[in-house]
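Single-structure report; data block below.
Nothing here was measured: the structure is a model prediction, and the numbers come from that model. Residue numbers begin at 1 in each chain, while the letters A, B, ... track the order of the sequences.
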Number of protein chains: 2
Amino acid sequence: MKMRLSKKSEYACLALIDLSESYEKGAAKIEAISKRKRIPKKFLEQILIALKRAGYLHSKRGNDGGYWLAKDPGEIKVAEVLRLMDGPLAPVDSVSQYFYRPTPIERHPRLHCLFKDVRQQMIEKIEKTSFADLIR
Amino acid sequence: MKMRLSKKSEYACLALIDLSESYEKGAAKIEAISKRKRIPKKFLEQILIALKRAGYLHSKRGNDGGYWLAKDPGEIKVAEVLRLMDGPLAPVDSVSQYFYRPTPIERHPRLHCLFKDVRQQMIEKIEKTSFADLIR
DNA sequence: TCAATGTCTACTAGACTGGTAGAGAATAGG
DNA sequence: CCTATTCTCTACCAGTCTAGTAGACATTGA
């Protein structure tokens with residue numbers, strides 16, 4: 001089994017932390033976030049657009065443009081962001097909550113059950129943790 | 001974050017389950033395991049060799065050859081097998097127990113801590129579960 | 001010697017990751 | 001209306017990983 005936090009997820013979290021830290025202090029430019037959190041700018045662009053499309057951010061173009069949070073940091077859970085960036089959190093599709101699909105492992109109930117537990121254990125914490133929790 | 005059980009790990013577990021089921025009943029042929037558990041034969045070969053090299057199996061060639069467990073099923077933990085097949089279990093190297101390496105996430109202690117917890121929660125169950133537990 | 005089986009090395013198609021490049025569209029100030 | 005600044009969109013790419021396949025070789029027992 002491989003559990004990996006992709007750079008995309010990692011950068012998305014760092015960007016949201018940055019925006020949470022300056023919540024209600026106006027728009028932040030890509031350039032600024034990129035420098036503060038050391039994220040490649042063009043890569044960050046794509047990530048912010050994805051977050052915007054998913055409804056987590058607002059933006060404005062032009063001289064005093066930038067991004068800002070569309071929700072309270074307390075309402076954005078880490079798990080949502082990881083799912084948005086990398087897809088299902090489950091180790092196999094047959095134990096996935098939102099992306100269920102049958103797999104060979106289902107034929108072996110105990111093994112299936114084990115990975116269901118693993119998923120549950122893992123997910124518990126990140127479904128509770130919000131970005132407000134991360135900046136406190 | 002992506003948590004994925006690779007086919008390699010999945011097949012390795014199924015093969016070890018098969019061999020656990022016939023523990024002390026003599027050698028099992030690749031062909032037979034392959035058919036019973038529906039694993040591509042040539043792929044299974046490689047997996048069994050890896051398991052043998054790691055000390056989990058013995059083998060014999062020739063007409064009445066095959067593989068059998070080198071240890072009691074109760075002494076083989078699922079976590080060991082997943083590590084052998086796919087490498088570290090940790091989501092980022094900076095929270096890995098056996099493969100530590102620094103990552104950007106370390107600069108943000110709360111995030112770092114979160115993923116340390118995630119790893120711990122996830123690993124707990126598979127470090128306790130043995131193949132004897134899976135066939136009971 | 002031969003047939004059956006495990007062992008070893010090499011190869012590969014396709015997907016994914018972590019980016020980069022460059023043109024286009026909105027916005028505000030002058 | 002012009003321009004600078006910023007976000008937006010599409011395309012591309014090199015390297016790595018996954019899930020295998022192919023084929024020759026080594027060992028064993030009858």
- prompt: If you take atom types as modelled and just measure distance, does the side chain of A:K42 reach the base of C:dG22 with a donor-acceptor pair under 3.5 Å?
  reply: yes
Worksheet entry | B:Q46 (side chain) and C:dC8 (base): donor-acceptor pair under 3.5 Å | no
Checking C:dA4, D:dT8, D:dC7 against the side chain of B:N63 (C-beta onward), the nearest is C:dA4
Let me know the distance between [atom1] of [X] and [atom2] of [N], rounded to the nearest Å.
X     : N      : atom1 : atom2 : result
A:E31 : D:dT5  : CD    : P     : 12 Å
A:D86 : C:dA15 : CG    : C1'   : 15 Å
B:M3  : C:dC16 : CE    : C1'   : 19 Å
A:H58 : C:dT27 : NE2   : P     : 14 Å
A:D64 : D:dC7  : CG    : C1'   : 12 Å
A:I39 : C:dG18 : CD1   : C1'   : 13 Å
B:I49 : C:dA10 : CD1   : P     : 14 Å
A:E45 : C:dG19 : CD    : P     : 14 Å

Is [X] near enough to [N] that one of its side-chain N or O atoms lies under 4.0 angstrom from OP1 or OP2?
X     : N      : answer
A:S6  : C:dC16 : no
B:K8  : D:dC17 : no
B:K41 : C:dG6  : no
B:R61 : C:dA3  : no
A:R4  : D:dT16 : no
B:Y11 : D:dG20 : yes

**Request:** Flag the pair A:L16 / A:L57 as yes when at least one side-chain heavy-atom distance between them is below 4.5 Å, and no otherwise.
**Result:** yes
- With a 4.5 Å limit on heavy-atom distance, are the side chains of A:K29 and A:I33 in contact? no
Of A:K7 and A:K60, the one whose closest nucleotide on DNA chain C sits nearer the 5' end is A:K7
Show the numbers, then the answer: is there a side-chain hydrogen bond (donor to acceptor under 3.5 Å, both in side chains) between A:S6 and A:D86?
CA-CA 7 Å; A:S6 69; A:D86 295 339; 2.8 Å; yes
**Request:** Give a yes or no on whether a salt bridge exists between A:K37 and A:E21, defined as a side-chain N under 4.0 angstrom from a carboxylate O.
**Result:** yes
Can you check salt bridge (charged side-chain N to carboxylate O under 4.0 Å, His left out) on A:E80 and A:K77, steps first, answer last?
CA-CA 6 Å; A:E80 302 168 19; A:K77 298 298 192 298; 5.4 Å; no
